[in-house]
Amino acid sequence: MSQTDTAETAETAETAETAATTVNRTDGQDVSTTAGETAEETRPEWTSYDAGGETKLAVDDLDVHYGDDHALKGVSMDIPEESVTALIGPSGCGKSTFLRCLNRMNDRIRAASVDGSVALDGEGIYQDGVDLVELRKRVGMVFQSPNPFPKSIRENVSYGPRKHGDIETGLLARLTGRAEPDREEALVERSLERAALWEEVSDRLDDNALGLSGGQQQRLCIARCLAVDPEVILMDEPASALDPIATSKIEDLIEDLARDYTVVVVTHSMQQAARVSDQTAVFLTGGELVEYDDTEKIFENPESQRVEDYVSGKFG
Amino acid sequence: MSRATRTALVRDDRTAYEAAAGSAVGLSGIAFAVGLAALLGLVAIDAPVAGVGLSVALGAVLLALGAAVVGFGVASRTGYVDTGPQPSAGIVAAAAFTGIWVAVGAAASGAAGLGTGGRLGGGAVLGGVAFATTALPREDIGSTVPAGAVAGLCGLALISGVVGPGWEHALVGYNATLFGDTVVPVVVLFASLVTGWSAAKASGGFGARGRNVGAYVLIYLVVGSILAVLVGLVAFVAAKGLPGLLNGVSVGGAGLVSWPFLTNGAGLLADVAGVFPALVGTVWLVVGAVCFAVPTGVGAAVFLSEYAEQGRFTGAVEVATNGLWSTPSIVFGLFGAAFLIPRFGNQKSLIAGMLTLGFMLLPLVLITSREAILAVPDEYRDASAALGVSKWQTIRSVVLPAAIPGVTTGVILGVGRIAGETAPILLTMGGGVLPAKAAAPDVLGSFRLSASPPFVSNPALLEATSALPYQLYALITAGLSGNIRNPQEFAWGLALTLLLVVLAFYAVGIATRYYFRQKLHQ
Ligand SMILES: Nc1ncnc2c1ncn2[C@@H]1O[C@H](COP(=O)(O)OP(=O)(O)OP(=O)(O)O)[C@@H](O)[C@H]1O
Ligand SMILES: [Mg+2]
């Protein structure tokens, strides 16, 4: 573990402690909603859903504060292995915040303090001594806004494996004959193909990735994440800038990925959630997880009136 | 749409009015260029033009331009042509013309023999009139009549010879005299700037479009004059220095160029005295300083912006660095003389000079690298972290490459400063006034291995060495004399060589920056 990551861990531990004193502040307080939701008590049994199968990520009583802003309130849910979990909810309800908790990207936001626990395969990722680099290798993430590096398309895709030492391409490797251009090529092609981008860029792999369109960049970021071969893939609106054809390819990819990986996907499209996910978690204004259940149940017969209103498009 | 008349979306053919105003802009530009040339001494102000002196001819042009500009305004105001003026020329133009006319009024009352009170009064009256004329009437009158009057007045002054060749004016209270051959060009530059702006506004039909065109003309003329001064400076040094620099250049068989000024030392035996030792000294000096300052500066910048907690400590370091960058170079020289020289054999040496200049360069490299690193978007760092890449690798493979163009800019600026420094070298590196060729440092060839620590030594680094700016300085202090044929020519050749060396370092830096920018964006 590198020097800074230790520092990062220590820092979170410290801020988490200071935040602990304020954690119950908003509990029991009425959350006035602005998005036209009807007021309603949330019930714990609505979210205590057990998908069966192995639990990949166990989230327990997670609170996130941005300074004094309570962005996530006591979220608990178990995310099962080898399945697709959709997170839906109106803008600003904390979906991205929740997603960032799962690979501790929130540690990188100064104002954020995280409280509660998340376990990956039974191991707490917020306990002391967690190697963040290793964690993020296992829990990959595709960001809400595409953020390719100012490098060539090829280098973008092979960036992770190269830095992890899975593929040797350096000068030394080339001199000693250990370079593996073929393996790199194969990996780049496979990742781009899965992200439905290969056909568009196969003849311009050495062009700068910043020259791609927004939608292409989004798929490039997906490919870059896949190339690292994580166990869990977190996707924040992976199809927000894509046309229907690319969207359906990405949806196919997500379903395909769910055979070997655990996928958590944030989406604003109910149809998309309904199409691709096995279970759906609904967050509503104020940062609460209101209901978490089988996708079918959420869309056809939710317990909560607010969730019913939301999925039927009455607000949001 | 606004209350003003709709302007056509597609402007069809240019009207005669626009064409006339356009020619007035062009004529102002020509007058401006001639004024600039006169200021730089390229043409004399009493040179004959069409039977009269240049200054009288320029006066006539300015008078004509002033009249034309007023004409444009009146034509527009009377509705003779279709324009889109705004209700007033605006407060900025009003303030500018008030200032101009206050000065004119004060000068005129002074010339008429009035005392301080009279001057103030005259200035206030004319200033008030100018303010009223600019701010109160519609824009087409407000931005042409005061401008035309200024230009007309300047033109009259030149035509009548009130200001002209041979004119001089002793400034009371200053130990200085104004001469006609600087004042005339300045008057021409100023008046043509004013008419150029005003005519440009007219050619754009006033209003938003007119202001746009006016601003363009102002900016182009000012930028043009700055460029002209720069080019003039370089041309001056080049003209003076080329005879010395090219002295004895010949192309032998097989295309081999022999260039004695650059390859010879100064010695009794040399046909053409040359600057080789100082040239090599300067190159090594800059290379050494860069090798010292860039790794340390970039390293410190990485630490400060990526690792250190942003707060009081980094703030203090920043203040200290800025302070160091503005520290006078002679102070660095003293530091080198007092601290470095005793540690490197107690004599002036190349390495002491390298380190002193390195210390001078360090703050700028640090400041610019830090800015460049902070300007790298956080998304890159987040993206890299989310792929499970460690912080150091992220810095190395994403942050630093994205920061290289900025870092290079800093190094370019810094090298420009240190390559021409004289004071620190004077104190730390010394060297002869007219070193012989053998005195050139042979840094690469002087590395010696030895059996005892530090195992490697390099005598060339420990010797006093000459550098171009120092040699020039030493030559001048020695009264431009010495064992060479034509010291004057030699010194100018030396100056030109120094200029070219600095430009060559720039070129290398700019090429590097271009290369890395290309890599980032294409
Ligand atoms: N870096 C941050 N600093 C401070 N507050 C933040 C930060 N990021 C998010 N927030 C706040 O946390 C709340 C939840 O934000 P989040 O980004 O998780 O919403 P979201 O559900 O992903 O919304 P969207 O669908 O629009 O992406 C918002 O009120 C937001 O203002
Ligand atoms: Mg979001």
Side-chain angles (χ1 to χ4, degrees), chain A residues 1-8 11 99-100 103-105 107-110 131-152 155-165 170 206-211 220-221 224-230 233-234 236, chain B residues 298-315 369-409 512-522:
Chain A
M1 183 196 255
S2 78
Q3 177 103 41
T4 23
D5 294 328
T6 334
E8 229 177 329
E11 192 189 317
L99 209 62
R100 281 199 300 268
N103 64 348
R104 290 192 59 170
M105 285 301 282
D107 293 20
R108 302 177 57 80
I109 299 176
R110 273 176 152 271
D131 184 345
L132 290 183
V133 171
E134 198 52 43
L135 169 69
R136 289 171 188 154
K137 272 188 212 171
R138 291 172 57 184
V139 185
M141 179 162 197
V142 178
F143 290 78
Q144 187 160 6
S145 45
N147 52 359
F149 300 120
K151 297 173 181 288
S152 73
E155 283 173 306
N156 261 282
V157 178
S158 61
Y159 179 81
R162 278 190 191 194
K163 298 302 150 194
H164 299 157
D206 290 313
D207 287 6
N208 196 299
L210 298 184
L220 178 67
C221 292
R224 185 174 66 181
C225 175
L226 295 178
V228 177
D229 196 26
I233 300 177
L234 312 173
D236 204 341
Chain B
V298 173
V302 166
F303 172 77
L304 284 175
S305 34
E306 295 285 325
Y307 290 95
E309 189 70 26
Q310 303 297 314
R312 227 170 269 167
F313 171 67
T314 48
S369 310
R370 192 150 177 238
E371 293 294 325
I373 290 173
L374 289 179
V376 175
D378 267 341
E379 278 102 70
Y380 297 166
R381 299 184 179 90
D382 284 348
S384 181
L387 291 169
V389 174
S390 69
K391 186 157 186 165
W392 168 239
Q393 276 186 315
T394 303
I395 293 173
R396 231 190 48 190
S397 17
V398 180
V399 177
L400 282 183
I404 282 184
V407 174
T408 323
T409 306
T512 317
R513 183 171 63 184
Y514 179 77
Y515 171 77
F516 283 105
R517 280 226 179 110
Q518 289 285 306
K519 246 182 113 171
L520 283 181
H521 295 294
Q522 261 168 38

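So you know, we letter chains A, B, ... as the sequences are listed, proteins then strands, and number each from 1. Computed from heavy atoms alone, side chains included, the values below leave out hydrogens, waters and symmetry copies.
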request  = Looking only at non-hydrogen atoms, find the nearest pair between A:Arg224 and B:Ala383 and report the distance.
outcome  = NH2-CB, 3.4 Å
remark   = Minimal heavy-atom distance between A:Pro148 and B:Tyr380, with the atoms involved, is O-CE2, 3.5 Å
task = Check whether any side-chain N or O of B:Glu379 sits under 3.5 Å from a backbone N or O of A:Asn147 as a donor-acceptor pair, and report yes or no.
result = no
ask   = Can you list the residues that meet the side chain to side chain donor-acceptor pair (under 3.5 Å) rule with B:Gln310, with sequence neighbours excluded?
value = B:Arg370
For the student: nearest non-hydrogen atoms of A:Val133 and B:Ser390, plus distance = CG2-CA, 3.8 Å
query = Taking only residues two or more places apart in sequence or in another chain, which ones pass salt bridge (Lys or Arg N to Asp or Glu O under 4.0 Å) with B:Arg513?
reply = none
note = CD (B:Gln518) and CG (A:Asn208) are apart, to the nearest 0.5 Å, by 10.0 Å
inquiry  = Quick check on the interface: out of A:Glu134, A:Met141, A:Lys151, who has the most heavy-atom pairs with chain B under 4.5 Å?
reply    = A:Lys151
request  = First locate atom CZ of A:Phe149, then atom OG1 of B:Thr394, and finally report the distance between them rounded to the nearest 0.5 Å.
outcome  = 7.0 Å
Contacting moiety of A:Val142, where chain B heavy atoms sit under 4.5 Å = neither
request  = Check each atom of A:Pro230 against the heavy atoms of chain B and say whether the ones under 4.5 Å are side chain, backbone, both or neither.
outcome  = neither
message = Are there residues of residues 397-405 of chain B whose heavy atoms fall under 4.5 Å of chain A's heavy atoms? If so, which?
response = B:Ser397, B:Val398
query = Can you name the salt bridge (Lys or Arg N to Asp or Glu O under 4.0 Å) partners of B:Asp382, sequence neighbours left out?
reply = A:Arg108
request  = Return the minimal non-hydrogen interatomic distance between B:Leu520 and A:Leu210, and the atom names on each side.
outcome  = O-CD1, 4.1 Å
note = Interatomic distance, CD@B:Glu309 vs CZ@A:Arg110, rounded to 0.5 Å, equals 5.0 Å
remark   = B:Leu387 and A:Val228 have their tightest heavy-atom pair at CD2-CG2, 3.7 Å
